[in-house]
Structure formats: structure tokens, C-alpha cells
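Structure record follows, encoded as C-alpha cells.
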Amino acid sequence: MTFKTLAAAALSTTMIAGLALPASADVSTRTIRVSNGIAADHPVANGVDAMRACFDERTGGAWTFNAFWSSALGDDLQATQMLRSGTLEMVITSTSPLVGINPALGVFDLPFLFADAAEADAVLDGEFGDYVSSMMPDSGLVNLAYWENGFRDLTNSLRPVESLADFSGMRVRVMQNDIFLDTFQTLGANAIPMAFGEVFTALETGTIDAQENPYVTIDTSHFDEVQKYLTNTHHAYTPFMVLFSKPIWDTYSPEEHDILVDCAVIGRDAQRAASRALSADSLARIEGNGVAINDISAENMQEIRDAVQGVYERHADEIGQEVVDRMQAALAELRD
Ligand code: KDG
């Protein structure tokens, strides 16, 4: 019996005994914890499941992948700081709460930046996305892939928003991010920065009137149970980053690095597909729960777009002029 056959036999016997041995000498037995702010029935779970299956296949079951939901390990920023200190392996988070760590991430918060999901995918998965990801190790983070949070729409408990004037005085929760704060203040709202995990209770108690998120988040976080109106503003597209701790990454082998990245990309495709497939179902459930859905006329939407155009100029220095210029160039190339 050759060594390879003997090793394969030993591996299968060990697995039958329930002890998965690494498939390769460069792959160690690992437990990876991933923190999520959203709930376990959000389409991110489809991506996590696909990633777990990929890990099982590539490591021979040597890696255990445990997901924690609804900010159980902390909010996006808290979990991300744990990665930077090497006390947590992974977080799937919007880029928006992380602008204090890397201001360049604010580019994704500029209002009405992407026209559709195809543009977002092309920019995030292309040269520009790599450019932003290349900045992250300096902050103690490794971005494995961009997943989809999605296009953001406004819900509120006061009135249908049909024009710029309807934002006036509305207490709108925004992510902890100066660009979202400026955008909604410019629209005339009373913008209130707040961590994602606090939003439902704030809506339920009337501390805030409104929030903005994609349909699948509104649905799976049950914001529709405490809101009366949803307006299709589509005012921003937020990506998720699948971030890994750089201090922990540095203890992994090159082969394990490849497994992390390859499986995060497989998870990306599964998560985006699920997010887009479930989006219409979520909107139907939201409407079925009694929320009045409305669009804004093209003329009134143009007035809203024009009103927030100044946000780009006011935040270019903070984001980095080169970052903004490279984003604009990437979009121009796609639109030629
Ligand atoms: O962890 C999930 C959050 O990053 C995401 O839902 C953030 O869109 C978000 C929000 O409104 O805070």
C-alpha cells in the first residue's frame, strides 16, 4: 500500500471517528467565528452557508465556522475593533460604520452613486474594489470579498415621502457616518446617528420616526412592524465587507489564505443571488404587513438628487480626492 493510499485510508478512518484531520499539511484545525449585525434569516446566511460548505470541502472538515447574528458579539464597529486586536476572526459589516477606521470607505456612502447592482458588482469586484481592499491591512483588517447589503430605501411612521419637502423635520436614523448625516440633514431631516442594533427599539418607542435600509433588512429585522410608509428612494447602495483579522491572518499559511478568499468569493455569489431573489419577496411581505409603498415622481426625484449633489464636494477631502476620482473614472468607463 502506497503512502498516499495509507494516508487517505487514515484520513477517512479518522473522519469516520468524527475527528476531521486537515486535508493538507499546510491546513491546521481551526475554529472561525463570524459576527453579523443582521438577523439569521437575512440573505447573508446563504453566503455563510456556502462559505461553510466550501471550507468543509477544502479543509476536509478541519475548520469549524460559527456564525453569530443580531450583533450578539457587538455592533459592526465593536466587532471590527475585535478583529483589529486579534480577539475575533471575522465580521460581515457595512462599510459605512467603518469610516473612522478608513475614511476612504465613505466613497460608498455618496448619495445616488451606483445606478444599479450590475454597476456596483463591476466596481466592487474590479480594480476599484481591489484598490480599497489593499488599504485595509494597514488598519489590521483583510477584506476577503464584497457582499451585498443593497440599495437603501426610506421607511417612516409619519407620512408618505413624495417630495423633498416631505423630509422636513423627520427624525431619521442614519448609520454612524458623516456622509449619511450630511445627506439627510441636507434633505431637511433631523438625522440621528445610531448603531444598527438599536434601530428597532428606537422606532418602536417613537424615539425616531424613520430609518433607511434595503428591503431584505427591513423585512428580516421586522422594521415594517413599527413603520407605516416605505418610499422607494434607492438613495445609496451599501456593500458589505467580509473582513478577517489581520493579526490572526498572519498566523495562517498561504494555502489557508487562498481557502479564505476562494470561499468568501463563493459565498459572495450565493449571497448576492439570495439577496436579489428575496428582495421582491421581502417587499411583498412588507406591503402585506400594511406598510404603504410609494415611488417618487421623476421630477421630484431629480429635485432630491440635485439637493444632495453638494455632498460629493463637501466630503471629497475627507474621503480622499484620489479615491473619489478613481471611483468616478471607474463609473465613467462602465457608462461609456
Ligand atoms: O451588520 C449588519 C449591518 O452592517 C448593516 O445592516 C448595517 O445597513 C446597515 C445599517 O443600517 O446599520
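As the structure lists them, so they are numbered: ligands from 1, and atoms in each ligand from 1. Note: hydrogens, waters and symmetry copies are ignored here, and every other heavy atom, side chains too, is used.
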Stepwise side-chain hydrogen bond (donor to acceptor under 3.5 Å, both in side chains) check, N213 with Q211: CA-CA 7 Å; N213 253 291; Q211 68 82 44; 3.0 Å; yes
Show, in sequence, the C-alpha distance, side-chain angles and deciding distance for D250 and K246, and conclude whether the salt bridge (charged side-chain N to carboxylate O under 4.0 Å, His left out) test is met. CA-CA 6 Å; D250 289 343; K246 179 73 167 53; 2.9 Å; yes
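Side-chain contact check for N149 versus T217: some heavy-atom pair is nearer than 4.5 Å.
The single protein non-hydrogen atom nearest to atom 8 (O) of ligand 1 is N149 ND2, 2.8 Å, given as residue, atom name and distance. Of the protein's non-hydrogen atoms, the one nearest atom 1 (O) of ligand 1 is D76 OD1, 2.6 Å. Nearest to atom 5 (C) of ligand 1 among the protein's heavy atoms is S94 OG, 3.4 Å. With respect to atom 12 (O) of ligand 1, the closest heavy atom belonging to the protein is R173 NH2, 2.8 Å.
For the pair G37 and ligand 1, the shortest N or O to N or O distance falls below 3.5 Å. Residue N36 has no N or O atom closer than 3.5 Å to an N or O atom of ligand 1.
Rounded to the nearest 0.5 angstrom, R84 CZ and S245 OG are separated by 10.5 Å. Atom OG of S275 sits about 13.5 Å away from atom CZ of R268, to the nearest 0.5 Å.
Ring geometry for F167 against F184 counts as perpendicular: the plane angle is over 60°, on a 0 to 90° scale with 30° as the lower cut.
By the 4.0 Å heavy-atom criterion, I38 is counted among the residues contacting ligand 1.
Side-chain rings of F114 and F151 stay apart, their centers remaining 6.0 Å or farther from each other. Taking the six-membered ring for Trp and the full ring otherwise, W147 and F240 have centroids separated by 6.0 Å or more.
In Q211, neither the side chain nor the backbone holds a heavy atom less than 4.0 Å from any atom of ligand 1. Under 4.0 angstrom from ligand 1, there are no non-hydrogen atoms of D75.
For ligand 1 and N213, the ligand atoms under 4.0 Å from any heavy atom of the residue are 8 (O), 9 (C), 10 (C), 11 (O). Of all the atoms in ligand 1, the ones that sit under 4.0 Å from a non-hydrogen atom of M175 are 8 (O), 9 (C), 10 (C), 11 (O), 12 (O).
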